[in-house]
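Report on the following structure.
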Amino acid sequence: MAMKHAGVSAIRALCSSPSLTRRVHSTAGSKKIVGVFYKGNEYAELNPNFVGTVERGLGIRDWLESQGHHYVVTDDKEGPDCELEKHLSDLHVLITTPFHPAYVTAERIKKAKNLQLLLTAGIGSDHIDLKAAAEAGLTVAEVTGSNVVSVAEDELMRILILVRNFLPGYHQVINGDWNVAGIAHRAYDLEGKTVGTIGAGRIGRLLLQRLKPFNCNLLYHDRVKIDLELEVQTGAKFEEDLDAMLPKCDIIVLNTPLTEKTRGMLDKERISKMKKGVLIVNNARGALVNTQAVADACASGHIGGYSGDVWFPQPAPKDHPWRYMPNQAMTPHISGTTIDAQLRYAAGTKDMLDRYFKGEEFPLQNYIVKEGVLAPQYR
(Lines give C-alpha, C1' and ligand atoms only; values in the text may rest on other atoms or scores of the structure.)
Protein backbone atom coordinates (compact mmCIF):
# COMPACT_ATOMS: atom_id res chain seq x y z
CA MET A 1 0.00 0.00 0.00
CA ALA A 2 1.22 3.58 -0.31
CA MET A 3 2.00 5.94 2.22
CA LYS A 4 4.33 8.37 0.48
CA HIS A 5 4.86 12.06 0.72
CA ALA A 6 8.46 12.66 -0.37
CA GLY A 7 8.97 16.06 -1.97
CA VAL A 8 9.94 16.42 -5.61
CA SER A 9 13.43 17.53 -4.63
CA ALA A 10 13.96 14.37 -2.59
CA ILE A 11 12.76 12.17 -5.40
CA ARG A 12 15.01 13.94 -7.86
CA ALA A 13 17.90 12.71 -5.78
CA LEU A 14 17.04 9.27 -7.09
CA CYS A 15 18.12 10.34 -10.53
CA SER A 16 21.53 11.71 -9.55
CA SER A 17 23.49 8.56 -8.71
CA PRO A 18 25.74 6.78 -11.22
CA SER A 19 24.33 3.83 -13.13
CA LEU A 20 25.06 0.36 -11.78
CA THR A 21 25.35 -2.98 -13.51
CA ARG A 22 21.97 -3.41 -15.19
CA ARG A 23 20.37 -1.17 -17.76
CA VAL A 24 17.45 0.89 -16.47
CA HIS A 25 15.69 1.00 -19.83
CA SER A 26 14.82 -1.67 -22.31
CA THR A 27 17.19 -2.79 -24.99
CA ALA A 28 15.84 -3.62 -28.43
CA GLY A 29 14.00 -6.86 -29.08
CA SER A 30 11.33 -9.02 -27.53
CA LYS A 31 11.03 -8.92 -23.75
CA LYS A 32 9.68 -11.48 -21.31
CA ILE A 33 7.29 -9.98 -18.79
CA VAL A 34 5.97 -12.02 -15.87
CA GLY A 35 3.00 -10.88 -13.79
CA VAL A 36 1.98 -12.37 -10.44
CA PHE A 37 -1.64 -11.71 -9.45
CA TYR A 38 -4.42 -13.34 -7.46
CA LYS A 39 -6.88 -15.64 -9.23
CA GLY A 40 -10.33 -14.33 -10.07
CA ASN A 41 -11.73 -17.87 -10.29
CA GLU A 42 -15.49 -17.91 -10.80
CA TYR A 43 -15.66 -14.14 -10.26
CA ALA A 44 -13.33 -13.29 -13.14
CA GLU A 45 -16.09 -13.18 -15.74
CA LEU A 46 -18.60 -11.25 -13.64
CA ASN A 47 -17.03 -7.86 -14.29
CA PRO A 48 -15.07 -6.92 -17.43
CA ASN A 49 -13.13 -4.36 -15.39
CA PHE A 50 -11.86 -6.97 -12.91
CA VAL A 51 -8.41 -6.59 -14.45
CA GLY A 52 -6.14 -7.22 -11.46
CA THR A 53 -6.45 -11.00 -11.72
CA VAL A 54 -4.56 -13.84 -13.33
CA GLU A 55 -7.40 -14.27 -15.83
CA ARG A 56 -7.26 -10.66 -17.08
CA GLY A 57 -3.61 -9.87 -16.34
CA LEU A 58 -4.15 -6.09 -16.09
CA GLY A 59 -5.71 -6.16 -19.54
CA ILE A 60 -2.35 -5.70 -21.28
CA ARG A 61 -1.77 -9.08 -22.91
CA ASP A 62 -2.98 -8.14 -26.42
CA TRP A 63 -0.99 -4.90 -26.31
CA LEU A 64 2.21 -6.64 -25.22
CA GLU A 65 1.94 -9.53 -27.65
CA SER A 66 1.13 -7.20 -30.56
CA GLN A 67 4.58 -5.69 -29.99
CA GLY A 68 6.27 -9.07 -29.96
CA HIS A 69 6.74 -9.43 -26.21
CA HIS A 70 6.13 -12.62 -24.22
CA TYR A 71 3.70 -12.25 -21.29
CA VAL A 72 3.37 -14.90 -18.58
CA VAL A 73 0.82 -14.55 -15.78
CA THR A 74 0.56 -16.75 -12.70
CA ASP A 75 -0.58 -16.82 -9.09
CA ASP A 76 1.93 -19.57 -8.18
CA LYS A 77 4.69 -17.77 -6.30
CA GLU A 78 5.78 -19.85 -3.29
CA GLY A 79 8.39 -22.57 -2.99
CA PRO A 80 11.31 -23.75 -5.15
CA ASP A 81 9.06 -25.48 -7.69
CA CYS A 82 6.51 -22.71 -8.19
CA GLU A 83 5.71 -21.24 -11.60
CA LEU A 84 7.48 -17.96 -10.83
CA GLU A 85 10.75 -19.74 -10.10
CA LYS A 86 10.63 -21.40 -13.52
CA HIS A 87 10.75 -18.00 -15.25
CA LEU A 88 13.31 -16.18 -13.11
CA SER A 89 16.27 -17.11 -15.27
CA ASP A 90 15.07 -15.35 -18.43
CA LEU A 91 12.48 -12.72 -17.47
CA HIS A 92 13.20 -9.03 -18.09
CA VAL A 93 10.30 -7.46 -16.16
CA LEU A 94 8.46 -8.73 -13.10
CA ILE A 95 5.10 -7.23 -12.19
CA THR A 96 3.93 -7.92 -8.65
CA THR A 97 1.13 -6.69 -6.43
CA PRO A 98 0.74 -6.07 -2.68
CA PHE A 99 -2.53 -8.00 -2.63
CA HIS A 100 -0.91 -11.31 -3.59
CA PRO A 101 2.74 -10.48 -3.02
CA ALA A 102 5.49 -12.39 -4.73
CA TYR A 103 8.33 -11.99 -2.26
CA VAL A 104 11.30 -10.88 -4.35
CA THR A 105 14.22 -11.91 -2.18
CA ALA A 106 17.93 -11.33 -2.70
CA GLU A 107 18.19 -14.98 -3.72
CA ARG A 108 15.56 -14.56 -6.42
CA ILE A 109 17.21 -11.39 -7.69
CA LYS A 110 20.52 -13.26 -8.07
CA LYS A 111 18.76 -15.95 -10.12
CA ALA A 112 17.14 -13.38 -12.42
CA LYS A 113 20.18 -12.55 -14.53
CA ASN A 114 18.19 -10.72 -17.23
CA LEU A 115 15.90 -8.83 -14.85
CA GLN A 116 15.89 -5.07 -15.40
CA LEU A 117 12.62 -3.78 -13.99
CA LEU A 118 10.39 -4.57 -11.01
CA LEU A 119 6.93 -3.00 -11.20
CA THR A 120 4.37 -2.97 -8.40
CA ALA A 121 0.79 -2.86 -9.71
CA GLY A 122 -0.48 -0.78 -6.82
CA ILE A 123 1.36 0.92 -3.97
CA GLY A 124 3.83 -0.53 -1.48
CA SER A 125 6.93 -2.39 -2.60
CA ASP A 126 8.13 -3.81 0.72
CA HIS A 127 7.62 -7.36 -0.59
CA ILE A 128 10.77 -6.70 -2.61
CA ASP A 129 14.22 -6.78 -1.01
CA LEU A 130 14.87 -3.17 -1.97
CA LYS A 131 18.45 -3.15 -0.75
CA ALA A 132 19.26 -6.17 -2.90
CA ALA A 133 17.47 -4.58 -5.86
CA ALA A 134 19.46 -1.39 -5.42
CA GLU A 135 22.75 -3.28 -5.18
CA ALA A 136 21.88 -5.17 -8.38
CA GLY A 137 21.20 -1.95 -10.25
CA LEU A 138 17.52 -2.71 -10.80
CA THR A 139 14.76 -0.18 -11.22
CA VAL A 140 11.80 -0.60 -8.85
CA ALA A 141 8.69 1.48 -9.46
CA GLU A 142 5.04 1.51 -8.47
CA VAL A 143 1.86 3.30 -9.52
CA THR A 144 1.96 6.07 -6.95
CA GLY A 145 -1.46 7.43 -6.02
CA SER A 146 -3.37 4.70 -7.83
CA ASN A 147 -5.33 3.44 -4.83
CA VAL A 148 -4.93 6.07 -2.12
CA VAL A 149 -8.62 7.05 -2.22
CA SER A 150 -9.62 3.40 -2.05
CA VAL A 151 -7.53 2.77 1.06
CA ALA A 152 -8.52 5.99 2.84
CA GLU A 153 -12.22 5.22 2.31
CA ASP A 154 -11.69 1.72 3.63
CA GLU A 155 -9.95 3.07 6.74
CA LEU A 156 -12.87 5.34 7.49
CA MET A 157 -15.25 2.39 7.11
CA ARG A 158 -13.20 0.30 9.54
CA ILE A 159 -13.09 3.10 12.10
CA LEU A 160 -16.89 3.28 12.05
CA ILE A 161 -17.25 -0.51 12.19
CA LEU A 162 -15.13 -0.62 15.36
CA VAL A 163 -16.56 2.50 17.03
CA ARG A 164 -20.18 1.41 16.52
CA ASN A 165 -19.47 -2.23 17.45
CA PHE A 166 -21.03 -3.27 14.16
CA LEU A 167 -19.83 -6.84 13.77
CA PRO A 168 -21.53 -8.37 16.83
CA GLY A 169 -24.84 -7.01 15.57
CA TYR A 170 -24.24 -8.44 12.11
CA HIS A 171 -23.41 -11.82 13.60
CA GLN A 172 -26.58 -11.74 15.69
CA VAL A 173 -28.67 -11.24 12.58
CA ILE A 174 -27.14 -14.11 10.60
CA ASN A 175 -27.26 -16.38 13.67
CA GLY A 176 -30.95 -15.67 14.33
CA ASP A 177 -30.29 -13.77 17.60
CA TRP A 178 -31.53 -10.42 18.92
CA ASN A 179 -29.65 -8.85 21.82
CA VAL A 180 -29.40 -5.07 21.69
CA ALA A 181 -27.48 -4.89 24.97
CA GLY A 182 -24.81 -7.20 23.56
CA ILE A 183 -24.00 -4.53 20.99
CA ALA A 184 -24.84 -1.23 22.70
CA HIS A 185 -22.67 -1.72 25.79
CA ARG A 186 -19.57 -0.85 23.75
CA ALA A 187 -20.95 1.21 20.85
CA TYR A 188 -19.93 4.87 20.70
CA ASP A 189 -20.15 7.99 18.54
CA LEU A 190 -17.13 8.97 16.49
CA GLU A 191 -17.71 12.64 17.22
CA GLY A 192 -15.40 14.01 19.87
CA LYS A 193 -12.98 11.10 19.77
CA THR A 194 -9.25 11.62 19.34
CA VAL A 195 -7.95 9.95 16.20
CA GLY A 196 -4.23 9.76 15.50
CA THR A 197 -2.64 8.65 12.25
CA ILE A 198 0.89 7.29 12.23
CA GLY A 199 1.92 8.62 8.85
CA ALA A 200 0.38 11.51 6.94
CA GLY A 201 1.35 10.79 3.38
CA ARG A 202 -1.15 10.59 0.57
CA ILE A 203 -3.47 8.16 2.35
CA GLY A 204 -3.07 9.72 5.78
CA ARG A 205 -3.90 13.17 4.46
CA LEU A 206 -6.99 11.90 2.66
CA LEU A 207 -8.13 10.20 5.86
CA LEU A 208 -7.72 13.42 7.86
CA GLN A 209 -9.85 15.26 5.29
CA ARG A 210 -12.55 12.60 5.47
CA LEU A 211 -12.59 12.63 9.27
CA LYS A 212 -12.98 16.39 9.51
CA PRO A 213 -16.83 16.38 9.14
CA PHE A 214 -17.10 13.95 12.08
CA ASN A 215 -15.78 16.62 14.48
CA CYS A 216 -12.97 14.49 15.84
CA ASN A 217 -9.78 15.67 17.49
CA LEU A 218 -7.22 14.87 14.82
CA LEU A 219 -3.53 14.19 15.46
CA TYR A 220 -0.77 13.00 13.15
CA HIS A 221 2.81 11.81 13.48
CA ASP A 222 5.22 11.81 10.56
CA ARG A 223 8.77 12.61 9.49
CA VAL A 224 7.63 16.01 8.25
CA LYS A 225 4.62 18.25 8.82
CA ILE A 226 1.82 18.44 6.28
CA ASP A 227 1.12 21.71 4.49
CA LEU A 228 -0.08 24.49 6.79
CA GLU A 229 -3.16 24.97 4.61
CA LEU A 230 -4.19 21.33 5.13
CA GLU A 231 -3.50 21.57 8.86
CA VAL A 232 -5.83 24.54 9.06
CA GLN A 233 -8.44 22.87 6.84
CA THR A 234 -8.57 19.67 8.89
CA GLY A 235 -7.62 21.03 12.30
CA ALA A 236 -5.04 18.25 12.58
CA LYS A 237 -2.22 18.77 15.06
CA PHE A 238 1.33 17.57 14.48
CA GLU A 239 2.81 15.24 17.09
CA GLU A 240 6.56 15.00 16.73
CA ASP A 241 6.89 12.36 19.46
CA LEU A 242 4.99 9.16 18.60
CA ASP A 243 5.18 7.87 22.17
CA ALA A 244 3.60 11.10 23.40
CA MET A 245 0.79 10.88 20.82
CA LEU A 246 -0.29 7.27 21.36
CA PRO A 247 -1.71 7.61 24.92
CA LYS A 248 -3.87 10.54 23.76
CA CYS A 249 -5.68 8.54 21.09
CA ASP A 250 -9.00 6.73 21.24
CA ILE A 251 -8.34 5.48 17.71
CA ILE A 252 -4.99 4.87 16.03
CA VAL A 253 -4.57 4.39 12.28
CA LEU A 254 -1.35 3.16 10.69
CA ASN A 255 -0.42 4.88 7.44
CA THR A 256 3.35 4.49 7.30
CA PRO A 257 5.60 2.44 5.00
CA LEU A 258 7.17 -0.77 6.21
CA THR A 259 10.91 -0.28 6.64
CA GLU A 260 13.51 -1.75 8.96
CA LYS A 261 12.86 1.20 11.25
CA THR A 262 9.07 0.81 11.35
CA ARG A 263 8.92 -3.00 11.41
CA GLY A 264 7.24 -4.07 14.67
CA MET A 265 6.87 -0.47 15.79
CA LEU A 266 3.68 -1.23 17.73
CA ASP A 267 5.04 -3.82 20.14
CA LYS A 268 3.93 -5.01 23.57
CA GLU A 269 5.52 -2.06 25.35
CA ARG A 270 3.97 0.60 23.14
CA ILE A 271 0.57 -1.08 23.20
CA SER A 272 0.67 -1.14 27.00
CA LYS A 273 0.97 2.66 27.05
CA MET A 274 -2.14 3.18 24.92
CA LYS A 275 -5.56 3.87 26.40
CA LYS A 276 -7.40 0.79 27.61
CA GLY A 277 -9.96 -0.02 24.93
CA VAL A 278 -8.04 1.74 22.15
CA LEU A 279 -9.18 0.97 18.61
CA ILE A 280 -6.54 0.30 15.95
CA VAL A 281 -6.92 0.29 12.16
CA ASN A 282 -4.05 -1.02 10.04
CA ASN A 283 -4.33 -1.03 6.26
CA ALA A 284 -0.63 -0.25 5.88
CA ARG A 285 1.38 -3.43 6.52
CA GLY A 286 0.87 -6.29 8.95
CA ALA A 287 4.52 -6.38 10.00
CA LEU A 288 4.29 -2.84 11.40
CA VAL A 289 2.88 -4.42 14.56
CA ASN A 290 3.90 -7.37 16.71
CA THR A 291 1.43 -10.09 15.77
CA GLN A 292 1.22 -11.83 19.14
CA ALA A 293 1.21 -8.58 21.11
CA VAL A 294 -1.88 -7.46 19.20
CA ALA A 295 -3.61 -10.80 19.71
CA ASP A 296 -2.84 -10.79 23.44
CA ALA A 297 -4.04 -7.19 23.87
CA CYS A 298 -7.29 -7.95 22.05
CA ALA A 299 -7.80 -10.98 24.28
CA SER A 300 -7.22 -8.94 27.45
CA GLY A 301 -9.40 -6.05 26.27
CA HIS A 302 -6.57 -3.52 26.31
CA ILE A 303 -7.16 -3.20 22.56
CA GLY A 304 -10.91 -2.73 22.23
CA GLY A 305 -10.91 -3.50 18.52
CA TYR A 306 -8.44 -4.17 15.73
CA SER A 307 -9.31 -3.97 12.04
CA GLY A 308 -7.30 -4.08 8.88
CA ASP A 309 -6.63 -5.97 5.69
CA VAL A 310 -2.88 -6.51 5.94
CA TRP A 311 -1.19 -9.55 7.45
CA PHE A 312 2.26 -11.05 7.61
CA PRO A 313 2.80 -13.19 5.71
CA GLN A 314 0.18 -12.98 2.97
CA PRO A 315 -1.94 -14.94 2.35
CA ALA A 316 -2.35 -15.42 6.09
CA PRO A 317 -1.93 -19.04 7.25
CA LYS A 318 -5.01 -20.73 8.68
CA ASP A 319 -3.51 -20.72 12.17
CA HIS A 320 -2.70 -16.99 12.18
CA PRO A 321 -3.72 -15.70 15.64
CA TRP A 322 -5.56 -12.70 14.23
CA ARG A 323 -8.13 -15.00 12.68
CA TYR A 324 -9.25 -16.14 16.13
CA MET A 325 -8.64 -13.18 18.46
CA PRO A 326 -11.70 -11.38 19.88
CA ASN A 327 -12.79 -7.87 18.88
CA GLN A 328 -11.30 -8.04 15.41
CA ALA A 329 -12.71 -6.96 12.07
CA MET A 330 -10.07 -8.34 9.74
CA THR A 331 -10.39 -9.10 6.02
CA PRO A 332 -8.03 -10.31 3.29
CA HIS A 333 -5.96 -7.58 1.63
CA ILE A 334 -8.71 -5.82 -0.30
CA SER A 335 -8.74 -2.09 0.51
CA GLY A 336 -6.57 -1.01 -2.41
CA THR A 337 -7.91 -3.38 -5.06
CA THR A 338 -11.35 -1.97 -5.75
CA ILE A 339 -12.38 -2.10 -9.40
CA ASP A 340 -11.67 1.62 -9.70
CA ALA A 341 -8.20 1.16 -8.21
CA GLN A 342 -7.48 -1.80 -10.49
CA LEU A 343 -8.21 0.29 -13.56
CA ARG A 344 -5.88 3.00 -12.29
CA TYR A 345 -2.96 0.75 -11.42
CA ALA A 346 -3.41 -1.26 -14.62
CA ALA A 347 -3.21 1.95 -16.65
CA GLY A 348 -0.20 3.13 -14.65
CA THR A 349 1.60 -0.17 -15.15
CA LYS A 350 0.97 -0.06 -18.89
CA ASP A 351 2.25 3.51 -19.05
CA MET A 352 5.52 2.57 -17.31
CA LEU A 353 6.00 -0.47 -19.53
CA ASP A 354 5.51 1.73 -22.58
CA ARG A 355 8.08 4.21 -21.26
CA TYR A 356 10.46 1.33 -20.49
CA PHE A 357 10.24 0.00 -24.04
CA LYS A 358 10.87 3.51 -25.42
CA GLY A 359 13.75 4.23 -23.03
CA GLU A 360 11.89 7.08 -21.33
CA GLU A 361 11.88 8.11 -17.68
CA PHE A 362 8.97 7.26 -15.39
CA PRO A 363 7.08 9.89 -13.41
CA LEU A 364 9.50 10.85 -10.64
CA GLN A 365 7.13 9.97 -7.80
CA ASN A 366 6.83 6.38 -9.07
CA TYR A 367 10.46 5.45 -8.44
CA ILE A 368 11.20 3.33 -5.37
CA VAL A 369 14.72 2.32 -6.46
CA LYS A 370 16.55 4.11 -9.24
CA GLU A 371 20.23 3.65 -10.04
CA GLY A 372 21.04 2.27 -6.63
CA VAL A 373 19.18 4.85 -4.56
CA LEU A 374 16.09 4.14 -2.47
CA ALA A 375 13.21 6.59 -2.21
CA PRO A 376 13.34 8.57 1.07
CA GLN A 377 10.44 6.76 2.73
CA TYR A 378 12.28 3.43 2.45
CA ARG A 379 15.69 4.59 3.67
Side-chain angles (χ1 to χ4, degrees), residues 1 3 36-41 43 52-54 75-80 82 84 96-105 120 122-129 150-151 154-155 157-159 161-162 165-168 170-171 174-175 198 251-260 262-272 274 277-337:
M1 301 208 88
M3 291 74 58
V36 181
F37 311 110
Y38 57 83
K39 279 188 176 180
N41 297 313
Y43 307 104
T53 61
V54 167
D75 73 318
D76 186 16
K77 61 188 179 66
E78 303 293 344
C82 71
L84 174 60
T96 59
T97 171
F99 315 106
H100 186 69
Y103 293 101
V104 184
T105 61
T120 297
I123 303 172
S125 298
D126 48 88
H127 56 284
I128 298 168
D129 186 328
S150 313
V151 178
D154 189 271
E155 288 177 342
M157 175 191 72
R158 291 176 191 274
I159 290 171
I161 284 172
L162 293 178
N165 204 25
F166 173 83
L167 280 181
Y170 170 74
H171 290 146
I174 61 176
N175 292 330
I198 303 173
I251 302 158
I252 295 166
V253 186
L254 284 88
N255 279 308
T256 193
L258 177 63
T259 66
E260 288 309 307
T262 61
R263 186 179 298 274
M265 65 188 304
L266 292 193
D267 54 13
K268 182 178 180 179
E269 181 180 0
R270 272 197 166 133
I271 291 171
S272 70
M274 299 175 188
V278 66
L279 306 177
I280 299 176
V281 171
N282 181 10
N283 279 0
R285 287 296 181 265
L288 290 170
V289 305
N290 181 283
T291 297
Q292 194 58 51
V294 167
D296 292 344
C298 283
S300 71
H302 191 81
I303 293 179
Y306 185 92
S307 183
D309 69 334
V310 287
W311 309 67
F312 185 78
Q314 288 186 184
K318 291 185 178 181
D319 62 351
H320 196 292
W322 291 357
R323 291 182 182 268
Y324 309 104
M325 66 187 183
N327 303 322
Q328 58 92 356
M330 295 297 296
T331 67
H333 195 169
I334 57 168
S335 64
T337 189

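In what follows, every heavy atom counts, from backbone to side chain, and hydrogens, waters and symmetry copies are set aside. Keep in mind that this is a model prediction, so the values were computed, not measured.
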statement: Closest non-hydrogen atoms of Pro101 and Pro98, given as atom of the first, atom of the second and distance, are CD-O, 3.3 Å
query: Which residues pass the side chain to side chain contact (heavy atoms under 4.5 Å, CB included) test with Asp75, sequence neighbours left out?
result: Lys39, Val54, His100
field: Any side-chain heavy-atom pair of Tyr43 and Thr53 under 4.5 Å
entry: no
field: Worked verdict on Leu266 versus Met274 for side-chain contact (heavy atoms from CB on, under 4.5 Å)
entry: CA-CA 10 Å; Leu266 292 193; Met274 299 175 188; 3.8 Å; yes
message: My understanding is that only residues two or more places apart in sequence, or in another chain, count here; which of them pass side chain to side chain contact (heavy atoms under 4.5 Å, CB included) with Ala102?
response: Val36, Lys77, Leu84, Thr96
- line: For Val151 and Gly336, the nearest pair of non-hydrogen atoms, with its separation, is CG2-CA, 3.8 Å
message: My understanding is that only residues two or more places apart in sequence, or in another chain, count here; which of them pass side chain to side chain contact (heavy atoms under 4.5 Å, CB included) with Ser150?
response: Asn147, Thr338, Ala341, Arg344
message: Going by the rule salt bridge (charged side-chain N to carboxylate O under 4.0 Å, His left out), which residues pair with Arg323 if we only count those two or more places apart in sequence or in a different chain?
response: none
- prompt: Partners of Ser272 by side chain to side chain contact (heavy atoms under 4.5 Å, CB included), sequence neighbours excluded?
  reply: none
query: Is Met157 close to Ser307 at the side-chain level, that is, under 4.5 Å between some pair of heavy atoms?
result: no
task: Could you give me the CA-CA distance, side-chain angles and deciding distance for Ile159 and Val253, then say whether side-chain contact (heavy atoms from CB on, under 4.5 Å) is met?
output: CA-CA 9 Å; Ile159 290 171; Val253 186; 3.9 Å; yes
query: Hey, are the side chains of Tyr306 and Val289 touching, using non-hydrogen atoms and a 4.5 Å cut-off?
result: yes
- prompt: Asn290: what forms a side-chain hydrogen bond (donor to acceptor under 3.5 Å, both in side chains) with it, not counting sequence neighbours?
  reply: none
message: Does any part of the side chain of Ile303, heavy atoms only, come nearer than 4.5 Å to the side chain of Asn327, both counted from C-beta?
response: no
query: Can you tell me how far the CE atom of Met265 sits from the OG1 atom of Thr256, to the nearest 0.5 Å?
result: 5.5 Å
message: Atom OH of residue position Tyr170 - does it have more than 12 heavy atoms of other residues, nucleotides or ligands inside 6.0 Å?
response: no
query: Yes or no on salt bridge (charged side-chain N to carboxylate O under 4.0 Å, His left out) for Glu155 and Arg158, after CA distance, side-chain angles and deciding distance?
result: CA-CA 5 Å; Glu155 288 177 342; Arg158 291 176 191 274; over 6 Å; no
query: What is the distance from atom CZ of Arg270 to atom CD1 of Ile252, rounded to the nearest 0.5 Å?
result: 10.5 Å
statement: Looking only at heavy atoms, the pair that brings Pro326 and Ala299 closest together is CG-CA, 3.7 Å
- prompt: Listed by chain and number, what are the side-chain hydrogen bond (donor to acceptor under 3.5 Å, both in side chains) partners of Asp296, not counting sequence neighbours?
  reply: Gln292
message: I need the minimum non-hydrogen distance between Ala284 and Leu254, along with the two atoms involved.
response: CB-O, 3.5 Å
- prompt: Can you name the residues that form a side-chain hydrogen bond (donor to acceptor under 3.5 Å, both in side chains) with Thr97, not counting sequence neighbours?
  reply: none
field: Positive for side chain to side chain contact (heavy atoms under 4.5 Å, CB included) with Asp309, one of Thr331, Asn282, Val281
entry: Thr331
- prompt: Which heavy atom in Leu288 sits nearest to a heavy atom in Pro257, and how many Å separate them?
  reply: CD2-O, 3.7 Å
query: Which pairs, with at least one residue in residues 311-322 and sequence neighbours excluded, count as a side chain to side chain donor-acceptor pair (under 3.5 Å)?
result: Gln314-His333
- line: One should read off an interatomic distance between Leu279 CG and Leu162 CG, to the nearest 0.5 angstrom, of 5.5 Å
- request: Please identify each residue that fulfils side-chain hydrogen bond (donor to acceptor under 3.5 Å, both in side chains) with Thr259, with sequence neighbours left out.
  value: Thr262
statement: Separation between CG (Asp126) and CZ (Arg263), nearest 0.5 Å, reads 7.5 Å
query: What are the two closest heavy atoms between Ser125 and Thr120, and how far apart are they?
result: OG-OG1, 2.9 Å
